[in-house]
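Here is how names work: the chains are called A, B, and so on, in the same order as the sequence lines, proteins then strands, and each is numbered from 1. Please read all numbers here as calculations on a predicted model, not as lab measurements.
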Amino acid sequence: MSEIVIKNIVKEWPGVRAVDNVSFKVEESTFTILLGPSGCGKSTILRMIAGLESVTSGSIHINGEDITKTDPSNRGISMVFQSYALFPHLNVKENILFGLKVRKAPRKLQRIRLQEAVEMVGLSEYLERKPAQLSGGQRQRVALARTIVSGQSICLMDEPLSNLDAKLRAEMRDEIKSLQQQLGLTVLFVTHDQTEAMTMADQIILLKDGRIEQSGTPYDLYSSPSSIFAARFIGSPPMNIISPGDLGVVTKSNAGNGKVLLGLRPEVIAVGDNTIKGPEMEVAGLDYLGSETLVHLVRGESRLIAKLSGECELKENETVKIHWPASAEHYFNHNEIRPGQ
Amino acid sequence: MHQIFSRQSIYGWLLLLPAAILLFAFTYYPMAGTFFDSIFNEGSGSLSSRYNGPLNYQMLMIDPVFKTVLINNAIFALGTIPVSIGLALMMALIVDQHFLGRSLVRMAFFTPTVLPMIAVANIWLFFYTPDIGLIDSLLAFFGIEGPNWLGDPDTVLSAIIVMAIWKEAGFFMIFYLAALQTISPELKEAAKLEGAGKLYYFRRVLFPLLMPTTLFISINAVINSFKLVDHLFILTKGGPDNASNLLLYHIYETAFSYFDQGYAAALTVVLLLILASFAIVQFFFFDRRIHYR
């Protein structure tokens with residue numbers, strides 16, 4: 001068993017409450033992502049779990065044991081740092097075996113673990129190289145190998161992909177995910193990138209200003225965001241939030257109360273000529289992305305982005321009509337809380 | 001094709017010229033001049049100087065003072081270099097941490113470096129003064145009769161070594177401090193998570209990463225141990241009985257008190273050779289074993 005339970009954790013620095021009463025649970029052998037904009041406290045939470053940062057109040061439990069004050073090396077965790085934290089004067093092999101050497105593991109075990117780990121991450125040919133002679137992706141792999149040889153079942157990752165270029169990032173995403181499944185690791189992963197969160201996570205914990213905004217599976221967060229913040233943080237381009245009155249439409253929820261805001265994902269909006277039924281808008285701009293086109297639409301104060309697949313024949317300043325299925329509507333209050341919650 | 005005197009390379013040579021002139025005028029020409037002086041004896045108003053071959057160097061062999069200053073200088077170097085480097089590293093590790101009054105401590109460690117050696121010598125002269133000096137007064141308080149630190153051939157060199165360490169360590173600390181601040185704190189955290197204690201981290205990670213700095217400092221320390229003699233003017237003038245005399249001070253006395261320029265030049269050539277060989281050994285031997293980023 002290797003689950004992490006966080007109970008009412010708080011981190012305060014003089015004058016700042018970086019983490020404000022956060023509780024969550026990471027199930028064994030699952031992939032949980034702490035997601036949020038910079039300064040939301042996600043890295044602080046990770047560092048508190050690792051034991052690199054003290055906890056102001058609350059408790060951290062690993063495998064049912066309170067480890068809030070345990071030494072970092074005795075918590076049964078490994079960690080991948082944002083800049084990988086490779087020792088620049090040691091070669092790949094020495095870097096990977098650093099922890100086992102510290103713990104004075106038998107040489108035979110070291111050799112076996114090293115062999116396994118480097119094969120898993122594909123570093124067999126680079127064992128004698130120094131970190132400076134490796135590419136970003138290879139350094140990342142060394143950091144992963146270090147986690148693998150440690151034999152710990154819990155792995156904390158602090159934005160490990162943020163130093164890689166887009167193509168490599170997508171590759172490493174797959175690799176980390178499959179490694180996690182292969183080894184049955186319990187992973188807690190910090191990122192500000194919603195794509196990473198959507199593609200890798202079993203559970204996403206969305207943070208804002210040191211508090212949990214919403215948590216759940218990627219599907220939950222995408223299909224039923226609990227606030228405007230959650231709606232706009234997840235999904236690219238973000239969800240359109242409009243005031244239905246401005247578009248001159250009557251929806252089931254704004255019939256009685258004009259203050260309700262309507263949320264529409266860009267991909268649910270259909271754009272067409274007079275043959276479709278819906279409000280009129282003007283095309284303000286087109287972003288052609290190859291497989292899809294983003295259409296910027298305006299009407300008075302209201303702005304929308306519609307995502308249409310493939311090329312489209314619309315032109316700027318053209319007047320079009322838009323339509324969306326009623327089932328795709330999300331409603332938010334002005335104070336950002338969803339009615340009924 | 002690159003030619004030595006193509007238009008491009010003339011620009012290159014011209015750009016190098018100011019530095020080359022300075023280096024030549026103030027380093028290479030005096031070095032060569034010193035060597036020539038060392039193989040001629042001193043001329044005077046009525047006698048022109050003339051070639052006397054290796055005579056000055058033969059004199060080195062039988063000069064007892066030369067032997068004494070060499071031994072003294074070796075003791076001085078061995079006494080000051082390892083201790084001042086070790087102390088510098090320790091002080092840097094201390095002031096690299098966060099604590100209240102850190103800037104104050106940093107300043108205190110660095111202050112001796114800012115003071116001119118002459119001033120330092122005057123301060124320590126007060127410490128070392130027999131009977132009424134700071135150290136002997138303290139000892140007297142406990143009923144111990146302190147020695148005459150600078151007047152006794154047995155203690156004078158050690159007394160000067162202690163002072164030199166006090167003066168040097170703060171200077172070397174700055175280099176270590178600068179090097180420590182370039183080392184990512186994540187390394188320490190990663191080591192901590194792997195279960196490495198402070199000592200293990202220092203031995204396996206921090207110290208190897210500081211090696212380039214240590215090499216730089218040690219070359220400087222060697223040079224300084226031969227170069228720093230200002231304090232001798234104030235404290236002992238090399239005495240008593242040459243017990244605190246160092247090579248450079250001996251050269252100074254030979255040249256400007258005894259006016260034997262030729263012999264002083266020969267001594268200088270020896271000094272240059274010693275320093276050059278140290279630098280070469282340190283550079284070529286240690287350089288291979290050091291990780292540079």
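- The nearest pair of heavy atoms linking A85(A) to A190(B) is CB-CB, 3.8 Å.
- Interface remark: R75(A) contributes no atoms to any contact with chain B (heavy atom separation under 4.5 Å).
- In this structure, the separation between OG on S150(A) and CD on E194(B) is 6.5 Å, given to the nearest 0.5 Å.
- Atom CG in N74(A) sits 11.0 Å away from atom CG in L193(B) (nearest 0.5 Å).
- Residue-environment remark: CZ (F26(B)) stays at or below the threshold of 12 foreign heavy atoms within 6.0 Å.
- K192(B) approaches P72(A) most closely through the heavy-atom pair CE-CG, 4.2 Å.
- With chain B as the partner, the residue from V102(A), D71(A), D158(A) showing the most heavy-atom pairs under 4.5 Å is V102(A).
- One distance of note links CZ of F87(A) with OG of S184(B); it measures 10.0 Å at 0.5 Å rounding.
- Q152(A) does not touch chain B: none of its heavy atoms, backbone or side chain, sits under 4.5 Å away.
- Taking a 6.0 Å sphere around CD of E125(A), one finds it holds 12 or fewer heavy atoms contributed by other residues, nucleotides or ligands.
- Comparing S83(A), G51(A), S78(A) by heavy-atom pairs within less than 4.5 Å of chain B, the highest count is held by S83(A).
- Checked against the 6.0 Å centroid criterion, the rings of F98(A) and Y200(B) qualify as a close aromatic pair.
- Residue E171(A) qualifies as enclosed at atom CD: its count of foreign heavy atoms under 6.0 Å is above 12.
- The neighbour count for F24(A) CZ, taken as heavy atoms of other residues, nucleotides or ligands under 6.0 Å away, is above 12.
- Separation of atoms CD (E53(A)) and CD (E189(B)) is listed at 8.0 Å; rounding is to 0.5 Å.
- In this structure a side-chain-to-backbone donor-acceptor pair under 3.5 Å is missing from H89(A) to L206(B).
- Under a cut-off of 6.0 angstrom, the local environment of NZ in K101(A) is crowded, with over 12 non-hydrogen atoms contributed by other residues, nucleotides or ligands.
- Other residues, nucleotides and ligands place more than 12 heavy atoms under 6.0 Å from the OH atom of Y84(A).
- At a 4.5 Å heavy-atom cutoff, the contact between L86(A) and chain B is made by backbone atoms alone.
- Around the CG atom of L17(B), the shell of radius 6.0 Å holds more than 12 heavy atoms that belong to other residues, nucleotides or ligands.
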